[in-house]
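Sequential numbering from 1 along the given sequence is applied to the chain's residues. In each ligand, atom 1 is the first atom listed, and ligand 1 is the first ligand listed. Because the structure is a prediction, the values reported are computed rather than measured.
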Amino acid sequence: MNLDQQDLELIQNRFRVVCERIEAALQRANRRSGDARLVVVTKMQSTEVIQAVVEAGAQRLGENYAEEAIEKMPAFAEHKGLEWHMIGHIQSRKSGLVVQNFDYIHSLDSVRLAERINRQAAEMGKRIPVLVECNSGGEESKFGFPAWQEEQWQALVPEFEKILALPHLEVKGLMAMAPYFDVAELARPHFRKIRKLRDALANWLPGGCWDELSMGMSGDFEVAIEEGATWVRIGQGILGARPLLAR
Ligand SMILES: *Cc1c(COP(=O)(O)O)cnc(C)c1O
């Protein structure tokens, strides 16, 4: 596919508009400018499309599949400071690729995976920032530690203690994906729940850092920011519909 000038401008305009909407949502919530950062989700998108948004100023790209992302990375080797964020479920046999090639993991969804990543990071002499993924809606299609009912939360403490003890992981906070709703407002209770869980964890596990909340996507990021998101992950709202690349 060849991007024409019009496609390129459309992507770059949408990027700027989303950045403005992030700032406006922070203001509405009486939060400081820059307190919520954008990960542009580039899964299934071509390097041309990604190039357009990087030129517009995107600094962090989110991908769901390690191998797909690794194929794209060389095209951006010259962009110093560009970060690659893993946001999708990590199969255990792909975890080494993730540790080697990504800057940040949003989707740490089991203690086993945490232990594996810790071991691999140790071998590579790295320490990798991670967010612990929680399932706020109880949907079977979603990964993450079970957190849809408050009664489940206490049981997470011993699990998260094991993760906090791993020296090559730098736990930063939580990640969640609200269920899909046509109306963004309906996602608000999910974001509020995750923030409340974060506050509980900060209390129960004060030795850990729980500052970051990665929540909010194209359809609901403003609500997520109003409820405390520090990372939003936005794909289609900037890059347009994802083409169905064969993979
Ligand atoms: C695809 C994806 C997104 C972005 O979704 P959009 O609707 O394109 O904004 C965000 N987070 C995760 C985990 C995703 O898989």
Side-chain angles (χ1 to χ4, degrees), residues 7 10-22 25 36-46 49-50 52-54 56 58-69 72 83-91 94-95 98 102-110 113 129-145 147-148 172-188 190-191 194 212-225 227-245 247:
D7 298 329
L10 187 58
I11 290 169
Q12 299 188 331
N13 283 334
R14 282 191 300 232
F15 173 76
R16 283 188 279 272
V17 168
V18 164
C19 291
E20 285 165 16
R21 285 170 62 188
I22 289 172
R37 284 151 298 157
L38 170 63
V39 175
V40 180
V41 177
T42 51
K43 63 174 176 229
M44 313 288 197
Q45 299 286 4
S46 67
V49 165
I50 304 171
V53 77
V54 169
Q59 292 169 304
R60 302 169 197 99
L61 307 178
E63 289 273 346
N64 291 55
Y65 301 98
E67 278 156 334
E68 180 190 330
K72 299 172 186 175
E83 289 178 14
W84 294 85
H85 290 225
M86 171 48 68
I87 63 169
H89 174 63
I90 303 169
Q91 292 172 285
K94 301 291 165 63
S95 64
V98 174
F102 283 79
D103 300 293
Y104 207 115
I105 296 174
H106 290 236
S107 45
L108 188 77
D109 57 14
S110 75
L113 178 65
V130 300
L131 300 172
V132 181
E133 181 171 357
C134 291
N135 183 340
S136 69
E139 295 165 285
E140 278 184 29
S141 60
K142 299 259 161 79
F143 291 93
F145 287 86
W148 51 96
K172 295 284 210 178
L174 302 179
M175 182 272 228
M177 253 175 126
Y180 176 80
F181 297 105
D182 285 329
V183 181
E185 197 52 40
L186 297 176
R188 189 181 297 277
H190 288 270
F191 298 139
I194 293 301
E212 306 285 347
L213 290 176
S214 172
M215 51 188 200
M217 319 197 335
S218 293
D220 56 19
F221 69 92
E222 287 155 308
V223 176
I225 289 171
E227 296 301 328
T230 63
W231 289 109
V232 291
R233 309 177 308 267
I234 301 177
Q236 304 182 74
I238 295 173
L239 304 177
R242 282 181 277 277
L244 298 171
L245 289 182
R247 39 164 279 105

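- His106 and His85 have tilted rings, their planes meeting at an angle from 30° to 60° on a 0 to 90° scale.
- For atom 14 (C) of ligand 1, the nearest protein heavy atom (residue, atom name, distance) is Lys43 NZ, 2.9 Å.
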Using a 3.5 Å cut-off and no angle test, enumerate the donor-acceptor pairs between side-chain atoms of residues 232-243 and protein atoms at least two apart in sequence or in another chain.
residue: Arg233; atom: NH1; partner: Ser214; partner atom: O; Å: 3.0
residue: Arg233; atom: NH1; partner: Ser214; partner atom: OG; Å: 2.9
residue: Arg233; atom: NH2; partner: Ala176; partner atom: O; Å: 3.3

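- Of the protein's non-hydrogen atoms, Met217 SD, 3.3 Å is the one closest to atom 10 (C) of ligand 1.
- Applying the 4.0 Å criterion to heavy atoms of Asn64 picks out, from ligand 1, the atoms 14 (C), 15 (O).
- The backbone N or O of Glu139 lies less than 3.5 Å from a partner atom in the side chain of Asn135, making a donor-acceptor pair.
- Only the side chain of Arg242 comes within 4.0 Å of ligand 1, judged by heavy-atom distances.
- From the protein, the heavy atom lying nearest to atom 7 (O) of ligand 1 is Gln236 NE2, 3.4 Å.
- Closest protein heavy atom to atom 9 (O) of ligand 1: Ser218 OG, 2.4 Å.
- Those atoms of ligand 1 that come under 4.0 Å of a heavy atom in Ile234, given as number and element, are 9 (O).
- Both the backbone and the side chain of Ile87 come within contact range of ligand 1, each with a heavy atom under 4.0 Å.
- When each of Glu83, Arg60, Gln59 is tested with Arg37 by the rule side-chain contact (heavy atoms from CB on, under 4.5 Å), just one qualifies, namely Arg60.
- Nearest non-hydrogen protein atom to atom 11 (N) of ligand 1 is Arg233 NE, 2.9 Å.
- For a threshold of 3.5 Å applied to N or O pairs, the pair formed by Gly235 and ligand 1 contains at least one separation below that value.
- At a threshold of 4.0 Å, the pair Glu67-Lys94 counts as salt-bridged, since one of the basic side-chain nitrogens sits closer than that to a carboxylate oxygen.
- Within the 4.5 Å cutoff, the side chain of Trp231 has no heavy atoms near those of the Lys172 side chain.
- Contact check on Arg16 versus Glu20 returns no salt bridge, with no Lys/Arg side-chain nitrogen under 4.0 Å from an Asp/Glu carboxylate oxygen.
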